[in-house]
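As structure tokens, the structure follows; a few thoughts come after it.
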Amino acid sequence: MRLLHSGLWLLALLPFSASADIRYRVTPLPKERVINVDMALDVAKAMQEFRIPAWCPGFYFIQHYQDKISGISAMSEAGAKLTISRTDTRGWLVSNPTGGGLTVHYTVQGDDPGLGFFGVNVRSDKAFVNGAAALMYLPDRMSEKSTLSAILPAGWKVASPLDQQEAGPLIADGYDELIDSPLQLGAFAKKDFKVGEIPFQAIYVSADNRFQTDLDEETNRLSEISGTEIALFGSAPFKRYTYFIHLSVGDFEGGLEHRASTVLAIPNSETLAVDDLAAHEFFHAWNVKQIRPKVLGPFDYSKQDRTRNLWFAEGVTDYYSKLLTYRSGLSDEGWLFTEFAKQVDQLQASHTRDSKTADQASWECWENGGFGVGDLSYYVKGFLIGLLLDAEMRTVTHGKKSLDDVMRYLYSKYHLPEPGYEENGILDALNQVSGTNLTPLYNLLARSTEEMPYEIMKKIGLRLRPKAEGDPETIGSYVVERDPDATTQAQQLLEQYLAKP
Ligand SMILES: [Zn+2]
């Protein structure tokens, strides 16, 4: 066994400390496929509640992490066993009559599919911990600093986006950051790169430690995307960033954004083809982790945190994932237009779009699988709303402003620790930045079930048309292309739109 950090855990030997930090220690047991978690407090209430989250930021769907937790016990700093009762399915109440420090111990099953995604995965030579699944919180001490250490088998490595004192524990500035910082332990391949002065790491994990792809080439592509996105915003909201790339798919193929990292779960193939997936998750470092509806940070982990703006958080992020992959030079104009057409295909094929708005699809997603309502995806409709708003912004400002300016405005106004935006915040920003009243268009796009005004695309020289005879078999029902009848102004706006930085 190898100890990543030990000092703070010799609790009984240390004099009482006035520090109110919360200290977590994770011990993976590969044979048992579990992790043990110890959570130590220097001070605690006489009746101290511990809770496990009902959901994981980034996936707007209730989880049942409590089902994977067993063997919970608690001990006072004097070594006395403390009584525990349940407050509800996700809460435990420790009776701590002296009110001094205490340690809670429990076990979390490590059977999350694939290499781990929403939960905990423990294998013979590696483990993955998604914080929300494993680390409990104290409802009355959410903003307290916490530390995280691990006791590991010999040779196991550690990757985390968190700060670390030299040879000390990982440090999180509150519970939101702690659980939004996944922990990769054991065997993995690591590639480092920098964008400007900011260090990045790409952590590649495979079940058998073999990699079908060229990791250097894939890492170069991540570097291109990262640079393009930081340039768009002008600065980054993190000190370092980690791409965790799990080359195995469990019950979910795709990515999940975290505050200063992302986990991508994809097959272990020769070409990973993750450019736009990585671009999407990385864009979330701004749009949703900083630019966020008020309810999405600080979070209430005890229940659904509803907002009508997930179409902006997810769909507009997806629009940018394609646009920025193109701007990074990793894909060409034809690819970009095809991606636009695919979204139109999907939205027009939806029946639910006639009865639910993008706002409603966001609000009601919790009961409907976390991606929208019925066959209306807020990713898809939000993508197209982003495209049309971008086109309109460029038109009404004669090319002086675009959706990029709205993103920068939102970032400057709502970055942490500032509170997130009110439910009307996106509309207010659009009106503010454009200097025009975009409310009627916004209401049509986000708050009505009216047909999407695709003709707005013509204003920036793009044409949407149904597939016709002579078009390649491979394309769907729609084609997006340069408008052959574009006005001079529209042509100029298109050149500006397609210009690479
Ligand atoms: Zn997303």
Side-chain angles (χ1 to χ4, degrees), residues 55-61 63 117-118 130-132 161 176 179-182 222 225-226 228-229 232-233 236-238 241-246 249 251-266 272-293 295-297 299 304-325 339 342-343 346-347 358-359 361-366 368-373 376-387 403 407 410-411 414 420-421 426 446:
W55 62 288
C56 168
F59 188 29
Y60 309 99
F61 194 65
Q63 301 286 327
F117 200 76
F118 296 115
N130 183 40
D176 286 350
I179 64 156
D180 214 5
S181 305
L222 294 176
I225 284 163
S226 307
T228 304
E229 298 201 5
L232 184 147
F233 283 100
F238 42 76
Y241 191 88
T242 306
Y243 287 99
F244 294 101
I245 298 150
H246 286 184
V249 177
D251 50 6
F252 188 92
E253 180 173 345
L256 180 63
E257 73 275 17
H258 295 282
R259 187 183 288 196
S261 62
T262 177
V263 180
L264 311 179
I266 46 164
L272 298 186
V274 286
D275 296 344
D276 52 331
L277 176 63
H280 176 110
E281 303 306 338
F282 188 56
F283 198 78
H284 275 315
W286 291 268
N287 192 25
V288 100
K289 293 301 173 188
Q290 303 288 326
I291 304 166
R292 67 213 186 277
V295 295
L296 296 184
F299 301 94
Q304 299 91 336
D305 286 357
R306 283 182 208 278
T307 168
R308 291 183 174 79
N309 291 294
L310 292 179
W311 62 264
F312 188 84
E314 287 298 348
V316 170
T317 293
D318 215 39
Y319 166 63
Y320 269 106
S321 79
K322 309 296 180 188
L323 189 58
L324 297 175
T325 298
E339 292 300 318
K342 278 189 202 166
Q343 304 294 323
Q346 279 192 54
L347 183 62
D359 270 23
S362 303
W363 189 262
E364 297 168 23
C365 76
W366 289 88
N368 291 280
F371 294 90
V373 174
L376 176 61
S377 160
Y378 52 66
Y379 286 75
V380 173
K381 188 153 185 184
F383 183 118
L384 292 168
I385 293 175
L387 169 58
L403 200 56
M407 298 311 302
L410 288 166
Y411 177 44
Y414 296 110
Y421 55 79
I426 301 302

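Atoms considered below: every heavy atom in the structure, side chains included; atoms not considered: hydrogens, waters and symmetry mates. In this chain, residues are counted from 1 in sequence order. Start at 1 and go down the list; that is how both ligands and their atoms are numbered.
A centroid separation of 6.0 Å or more is found between the aromatic rings of Tyr319 and Phe283.
No donor-acceptor pair under 3.5 Å is formed between the side chain of Glu257 and the backbone N or O of Thr262.
Sorted by first and then second residue, the pairs that involve residues 284-293 and meet side-chain hydrogen bond (donor to acceptor under 3.5 Å, both in side chains), not counting sequence neighbours, are Asp180-Lys289, His280-His284, His284-Glu314, Asn287-Thr317.
Distance check for Glu257 against the Zn ion (ligand 1): none of its N/O/S atoms falls below 2.8 Å.
With the Zn ion (ligand 1) as the vertex, atom NE2 of His284 and atom OE1 of Glu314 span an angle of 100° (nearest 10 degrees).
With respect to Cys365, the side-chain contact (heavy atoms from CB on, under 4.5 Å) criterion is satisfied by exactly one of Phe371, Trp311, Tyr378, Phe59: Tyr378.
Nearest N, O or S atom of His280 to the Zn ion (ligand 1): atom NE2.
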